[in-house]
**Q** 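Let me give you the structure first, and then I'll get to my questions.
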2 protein chains.
Amino acid sequence: MASRSSRPTMQDVADRVGVSKATVSLVFRKAPGVGDKTREDVLRAADDLGYRMNRAAALMTARRSHLLGVSAQISNSFHAEIVENIVTEADLVGYEVVLGAVTPTHGEERVIETLIDFRCEGMLLIGPELPGTSISNLGNRLPTVVIGRRVGVGSTDVVRSNDGRGIAGVVDHLVELGHENVVHVAAGRGVIAGDRRRGFEQAMRRHGFGTEGAVLDAGDFTEEAGMEAARSLLESELPTAVVCANDRLAVGVLEVLRRKGVDIPGEVSVTGYDDSILARMGNVDLTTVSQQPAEQARQAIQAVVSRLDRGRTDRVSKTLTPEIVVRKTTAAPRAGRHSGQARGG
Amino acid sequence: MASRSSRPTMQDVADRVGVSKATVSLVFRKAPGVGDKTREDVLRAADDLGYRMNRAAALMTARRSHLLGVSAQISNSFHAEIVENIVTEADLVGYEVVLGAVTPTHGEERVIETLIDFRCEGMLLIGPELPGTSISNLGNRLPTVVIGRRVGVGSTDVVRSNDGRGIAGVVDHLVELGHENVVHVAAGRGVIAGDRRRGFEQAMRRHGFGTEGAVLDAGDFTEEAGMEAARSLLESELPTAVVCANDRLAVGVLEVLRRKGVDIPGEVSVTGYDDSILARMGNVDLTTVSQQPAEQARQAIQAVVSRLDRGRTDRVSKTLTPEIVVRKTTAAPRAGRHSGQARGG
DNA sequence: TTGTACGCGTTATCAC
DNA sequence: GTGATAACGCGTACAA
């Protein structure tokens, strides 16, 4: 009897049916070249024995792993939403996702190395803050898709939404409402933060406003940074509108302003970016910008898979057009106010 | 020269130093029995060659993998917060986390099977909705810790916060404020939802109120379910307070009530559960219950690791005491109102 | 420290 | 077209 103490192996299944290991392997990989009857027998025997393939063993020699690495900052609900869509899409094309969580104690480089160690064939980076050269190097090692930001160097695939245009839409909206004194709460020196900041500055200048002193760098994309930025704003005369680099910052800003009794949007308008669940719900009702996470996930999977399964080699760079979502945190400024920090140009 | 086209192997490193594979293996596993000079030589050679261990190969024969599987619903920011803490804690004790995302298209069973295939030695389930017997079976296969819920059967380790008591604290708080007409928005038939629902009913009865018609089942823990529940509440006379099974439900409830012009907490008080970022921030300011995610993560890691590294065999069941966090969505009911749905008992 | 026998699928290559 | 045989991959474990 082929019942050892440990788990059944492929050989056990083969013995039971009276075929060779190789045949069993073919059956499990759904490869052609096995007769219908044999195939059925193998599957039944495997089922009887409770056999499951040993992934470590398979991974060791197989050319393909059908594994995709995804690095994301899961505390960001926008990232989480993209991840969910990626998992679904990957499933549809026969791939499995290995998810690496980027946290304050676990940097992106480390997460990526781990994903590679797990033999991922392709890599999806959600909103990476890595330098472009690092991303480019990674892209040379294996098919990589950057989601949500620009990459200046190299030939890595990119799926993103036009951040500059998204922020410009927000500025246009505010200017239409009559705002002249607008401040941007930026999120540090990363590429995404930079694009949004530049988008803000350009839009302001286009409308004839200066940008001197109109940008306040919160340092990163968290609620805490937003709260800190708001406290800093409160130290001098408030602008009539605050354009935040993402929803989390906006939520932090709202939190602090509101606690100080500032009426939103009566006294100050506030906007976010991402249209995350945070923005859509519960008394926040944030005017923000949608980045179509589901669509970005779909395109990203298409991009890796076309390289992996169909040998595509040319660079894909897909830029979606973001859409402003006007909710309740923006309104016309109070009459009689003068512009303060943002001086006319 | 040992430069093949493919990646360098352990043998390449060994050849370069003039030692055996076995020695190199020992060095990389930080095992004792290698002289200091040899160790240094090996590390330097490995560095020169750009050698990285082949995890698949190691996993195939090694007794230990030092991998922990974590199943979580990352769209839930409370889960995400626990995951982040787990990653950090695992790091400190020399383990790596493999994260499985539970989504609408990816059930828990499937996620867990995948984690096992990856050779995880221990499993951490965050707020699982699996039947107790499935969890118990899993616990018999490998060290498992359930986080955030009770498990009636089996001897699986559990780290949780006392949900019944948490909800009771909320009810006490509302009753103290003078509420008599309180409705609970429940989240379906899962264990967590059940505990909270029962906690609600018991607390109400303890205060002398009936529970007939005082529970509205929203079906699950999402914002959408909360919105639907709120619409249903609006069809008849509103209660003076709504106790939701978690923050996401509460946020959905708030969203709909507020859009209908209901004053919170003037007309209706609303409470959540989890003290997630959703509750803490941005105009929501939700009265809720803290479950100490960092502490739960810490204890959960301690639990698996004590089984894995120190051979513990007795069951661990740690129940933390939740703490109510009173914010701005609860207040005394308007004078002159009569109790409606929740009839006195 | 070092041989060296595994472990468990995969992938040629070969026979019918 | 079906299936078998055997070599192979890359560390680990254990005896020497």
Side-chain angles (χ1 to χ4, degrees), chain A residues 2-46 49-67 96 116-119 121, chain B residues 2-43 45-46 49-67 96 114 116-119 121:
Chain A
S3 87
R4 285 184 198 68
S5 59
S6 56
R7 282 214 256 302
T9 149
M10 212 170 236
Q11 188 66 58
D12 294 332
V13 178
D15 289 350
R16 186 171 235 253
V17 185
V19 297
S20 71
K21 273 187 346 181
T23 303
V24 179
S25 177
L26 291 174
V27 170
F28 270 85
R29 278 180 289 153
K30 289 162 186 146
V34 182
D36 285 350
K37 185 189 175 329
T38 309
R39 184 179 301 273
E40 275 177 36
D41 289 350
V42 166
L43 288 175
R44 185 146 21 80
L49 266 50
Y51 169 76
R52 295 213 90 204
M53 225 197 38
N54 181 332
R55 216 184 195 127
L59 247 39
M60 198 169 76
T61 46
R63 288 191 162 26
R64 305 287 315 264
S65 72
H66 284 270
L67 253 30
E96 194 134 22
I116 291 176
D117 284 349
F118 274 105
R119 282 221 161 346
E121 303 184 272
Chain B
S3 88
R4 285 182 200 69
S5 60
S6 56
R7 280 214 256 305
T9 149
M10 211 169 237
Q11 187 66 59
D12 294 332
V13 178
D15 288 350
R16 186 171 236 251
V17 184
V19 296
S20 70
K21 268 183 0 178
T23 302
V24 178
S25 177
L26 290 175
V27 170
F28 271 85
R29 281 180 286 157
K30 287 161 188 148
V34 183
D36 284 351
K37 184 190 176 327
T38 310
R39 183 179 303 273
E40 275 176 36
D41 289 350
V42 166
L43 290 174
L49 266 49
Y51 170 76
R52 294 214 90 203
M53 225 197 36
N54 181 332
R55 221 189 190 120
L59 247 36
M60 198 169 73
T61 46
R63 287 196 170 9
R64 305 288 315 268
S65 73
H66 284 270
L67 253 30
E96 194 135 20
T114 302
I116 291 177
D117 283 349
F118 274 105
R119 283 222 162 343
E121 302 184 273

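Both backbone and side-chain heavy atoms feed into the values below; hydrogens, waters and symmetry mates do not. Throughout, a chain's letter reflects where its sequence line sits, starting with A, and its residues are numbered from 1.
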**Q** Looking at residues at least two apart in the chain, or sitting in another chain, which of them share a salt bridge (Lys or Arg N to Asp or Glu O under 4.0 Å) with A:Glu96?
**A**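 Salt bridge (Lys or Arg N to Asp or Glu O under 4.0 Å) list for A:Glu96, sorted by chain: A:Arg55.
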**Q** Heavy atoms under 4.0 Å is the rule here; annotate nucleotides 8-16 of chain C 5' to 3' with B where the base is hit, S where only the sugar-phosphate is, and - elsewhere.
**A** BBBBS----
**Q** List the residues meeting side chain to side chain donor-acceptor pair (under 3.5 Å) with B:Asp41, not counting sequence neighbours, and say none if there are none.
**A**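 Checked B:Asp41 against side chain to side chain donor-acceptor pair (under 3.5 Å); matches are B:Lys37, B:Arg44.
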**Q** For B:Ala58, what residues pass the side chain to side chain contact (heavy atoms under 4.5 Å, CB included) criterion, not counting sequence neighbours?
**A**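 B:Ala58: side chain to side chain contact (heavy atoms under 4.5 Å, CB included) contacts with B:Met53.
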**Q** Could I get the full list of side chain to side chain donor-acceptor pair (under 3.5 Å) partners for B:Ser25, not counting sequence neighbours?
**A**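 B:Ser25: side chain to side chain donor-acceptor pair (under 3.5 Å) contacts with B:Arg29.
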**Q** Taking OP1 and OP2 of C:dT2, is either one under 4.0 Å from a side-chain nitrogen or oxygen of B:Thr23?
**A**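 Answer yes for this pair, as a side-chain N or O of B:Thr23 is under 4.0 Å from OP1 or OP2.
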**Q** According to salt bridge (Lys or Arg N to Asp or Glu O under 4.0 Å), who are the partners of A:Arg119, at least two apart in sequence or on a separate chain?
**A**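 Testing A:Arg119 for salt bridge (Lys or Arg N to Asp or Glu O under 4.0 Å), a comparison that skips the adjacent residues, returns none.
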**Q** Name the first nucleotide and the last nucleotide along DNA chain D (5' to 3') that come under 4.0 Å of a heavy atom in chain A.
**A**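 The contacted stretch runs from D:dT2 to D:dC10.
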**Q** By salt bridge (Lys or Arg N to Asp or Glu O under 4.0 Å), which residues pair with A:Lys30, not counting sequence neighbours?
**A**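 Salt bridge (Lys or Arg N to Asp or Glu O under 4.0 Å) check on A:Lys30 returns nothing, list empty.
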**Q** A:Ser20: what forms a side chain to side chain donor-acceptor pair (under 3.5 Å) with it, not counting sequence neighbours?
**A**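 Testing A:Ser20 for side chain to side chain donor-acceptor pair (under 3.5 Å), a comparison that skips the adjacent residues, returns A:Thr23.
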**Q** Given 3.5 Å as the limit, does a donor-acceptor pair link the side chain of B:Asp15 with the main chain of B:Asp12, or not?
**A**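 Not confirmed, B:Asp15 side chain does not pair with B:Asp12 backbone.
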**Q** Could you list all the salt bridge (charged side-chain N to carboxylate O under 4.0 Å, His left out) pairs where at least one residue sits in residues 56-65 of chain A, not counting sequence neighbours?
**A**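 Listed once each, the pairs are A:Arg64-A:Glu121, A:Arg64-A:Asp309.
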**Q** Could you tell me which residues satisfy salt bridge (Lys or Arg N to Asp or Glu O under 4.0 Å) with A:Arg39, sequence neighbours excluded, listed by chain and number?
**A**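 Counting only residues at least two positions away or on another chain, A:Arg39 forms no salt bridge (Lys or Arg N to Asp or Glu O under 4.0 Å).
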**Q** In what stems does DNA chain D take part, counting only runs of at least 3 consecutive Watson-Crick or G-U pairs whose two distances fall under 3.5 Å?
**A**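 Stems for DNA chain D, defined as runs of 3 or more consecutive pairs: C:1-16 with D:1-16.
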**Q** Need one value for B:Gly33: base, sugar-phosphate or nothing, where a base atom within 4.0 Å counts as base even if backbone is also close, heavy atoms only.
**A**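 Base contact.
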